[in-house]
Amino acid sequence: MLWKDGVPELEEIKQFTPNKQRLISGPVAIIECFQEIPCDPCYVSCSFGAILPFENINALPQIDFELCNGCGNCVALCPGIAIFVVDLSYCDNSALLKLPHEFVPLPEKGETVSLLNRRGEIVAKDRVIRCVKFKDKTSVVWVTTPKELAMEIRAIAPKAYEIENPLRELV
Ligand code: SF4
Ligand code: SF4
């Protein structure tokens, strides 16, 4: 539970996520930033007007999902690693996620990586489609994932972590 252990449940983040129709229509950014802190690089990063002007520097970010094209610029600019792009339209069986990644070595295109849920549990292994490196910004790794886990997976495991923590048994 978000306010108890810092990990939001799907039910708690419903108000911050697009409706089902928007989710299946194409890539879209999901902002999981729940604390009022003086921060706004996400707003500056979006040249499509999808992230709305802040009421004040401490306000929570607001996004217009209809203006978002899922480019992922805000993923690279967010210092809180709180933005993720989800694309449920990627193909029949898989979704595409654009995830922030600050560990080295960065995974390579075509590599199979372990994927973590919000609790840091490895819940799937899937393939890197692209790795976008920016100077002085967070890298963004594009990775496929089973569609049913697209709203659960939020990070790629660093290699050392992967060795010590096996894939969680899915029920
Ligand atoms: S993914 Fe691109 S279009 Fe969408 S909010 Fe982020 S920067 Fe704007
Ligand atoms: S840049 Fe990231 S941490 Fe800062 S307000 Fe935006 S979403 Fe939150």
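When a ligand or atom number is given, it counts from 1 through the structure's own listing order.
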Undergrad: Give the contacting part of I31 toward ligand 2: side chain, backbone, both or neither, where contact means a heavy-atom distance below 4.0 Å.
TA: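 The side chain, only.
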Undergrad: Tell me which protein heavy atom sits closest to atom 4 (Fe) of ligand 2, plus the residue, atom name and distance to 0.1 Å.
TA: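 Among all protein heavy atoms, the one nearest atom 4 (Fe) of ligand 2 is C39 SG, 2.2 Å.
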Undergrad: With a cut-off of 4.0 Å, which atoms of ligand 2 are near a heavy atom of P79?
TA: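 Counting atoms of ligand 2 from 1, those under 4.0 Å from P79 are 1 (S).
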Undergrad: Using a strict 4.0 Å cut-off to heavy atoms of F48, name the atoms of ligand 1 that fall inside it.
TA: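 Counting from 1, the qualifying ligand atoms are 3 (S).
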Undergrad: For ligand 1, indicate whether the residue I51 contacts it via side chain, backbone, both or neither (heavy-atom separation under 4.0 Å).
TA: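 Within the 4.0 Å criterion, I51 contacts ligand 1 through side-chain atoms alone.
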Undergrad: Enumerate the atoms of ligand 1 whose separation from the nearest heavy atom of C71 is less than 4.0 angstrom.
TA: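 Atoms satisfying the 4.0 Å criterion: 1 (S), 2 (Fe), 3 (S), 7 (S).
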Undergrad: Taking the side chain as C-beta and beyond, is there a heavy-atom pair between I51 and I31 under 4.5 Å?
TA: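 Yes, their side chains come closer than 4.5 Å.
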Undergrad: Kindly say whether G70 contributes a backbone atom to a donor-acceptor pair with the side chain of K98 at under 3.5 angstrom?
TA: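 Yes; judged by distance alone, with no hydrogens or angles, the pair exists.
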Undergrad: As an exercise, state the distance from CD of E36 to CG of N58, rounded to the nearest 0.5 Å.
TA: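 That separation rounds to 7.0 Å.
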Undergrad: About how many Å separate CD1 of I129 and CG of L96, when rounded to the nearest 0.5 Å?
TA: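 Answer rounded to 0.5 Å: 6.5 Å.
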Undergrad: Assess C78: does it contribute an N, O or S atom lying under 2.8 Å from atom 2 (Fe) of ligand 2?
TA: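 Yes.
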Undergrad: Is any side-chain heavy atom of E152 closer than 4.5 Å to one of T145?
TA: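 Not in contact.
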Undergrad: Identify whether the distance between the nearest side-chain nitrogen and carboxylate oxygen of K14 and E9 falls below 4.0 Å.
TA: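 No salt bridge links K14 with E9.
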Undergrad: Please work out, at 4.0 Å between heavy atoms, whether the side chain, the backbone, both, or neither of C33 comes within that distance of ligand 2.
TA: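 The answer is the side chain of C33.
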Undergrad: For ligand 2, which atoms sit closer than 4.0 Å to a heavy atom of P41?
TA: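 Those of ligand 2 that fall under 4.0 Å from P41 are 1 (S).
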Undergrad: Under 4.0 Å from a heavy atom of G70: which atoms of ligand 1 are those, numbered in the order shown and with their elements?
TA: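 The atoms of ligand 1 under 4.0 Å from a heavy atom of G70 are 1 (S), 4 (Fe).
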Undergrad: Using a 4.0 Å heavy-atom cut-off, which part of A29 comes near ligand 1: side chain, backbone, both, or neither?
TA: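 Near ligand 1, A29 shows its side chain, while the N, CA, C and O stay back.
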Undergrad: Suppose we measure from atom 6 (Fe) of ligand 2 to each protein heavy atom; which comes out shortest, and what is that distance?
TA: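 I find the closest protein heavy atom is C42 SG, 2.3 Å.
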Undergrad: Could you tell me whether any N, O or S atom belonging to C74 is less than 2.8 Å from atom 8 (Fe) of ligand 1?
TA: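 False for C74.
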Undergrad: If we count only N and O atoms by modelled type, under 3.5 Å, do the side chains of D126 and T144 hold a donor and an acceptor together?
TA: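 Yes, a side-chain donor-acceptor pair sits under 3.5 Å.
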Undergrad: Is the backbone of S89 close enough, under 3.5 Å, to the side chain of K147 for a donor and an acceptor to pair up by distance?
TA: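 It does not hold such a pair.
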Undergrad: Considering only heavy atoms from C-beta outward, does the side chain of L77 approach that of V44 to under 4.5 Å?
TA: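 Heavy-atom side-chain distance check fails, nothing below 4.5 Å.
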Undergrad: Among all the protein's non-hydrogen atoms, which is closest to atom 3 (S) of ligand 1, and how far away is it?
TA: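 For this ligand atom, the closest protein heavy atom is N69 OD1, 3.2 Å.
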Undergrad: Any side-chain heavy atom of C78 sitting closer than 4.5 Å to one from P100?
TA: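 No. Closest side-chain heavy atoms not under 4.5 Å.
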Undergrad: Identify, by atom number and element, the atoms of ligand 1 in contact range of C46, meaning under 4.0 Å from any of its heavy atoms.
TA: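 Heavy-atom distances to C46 below 4.0 Å select 3 (S), 5 (S), 7 (S), 8 (Fe).
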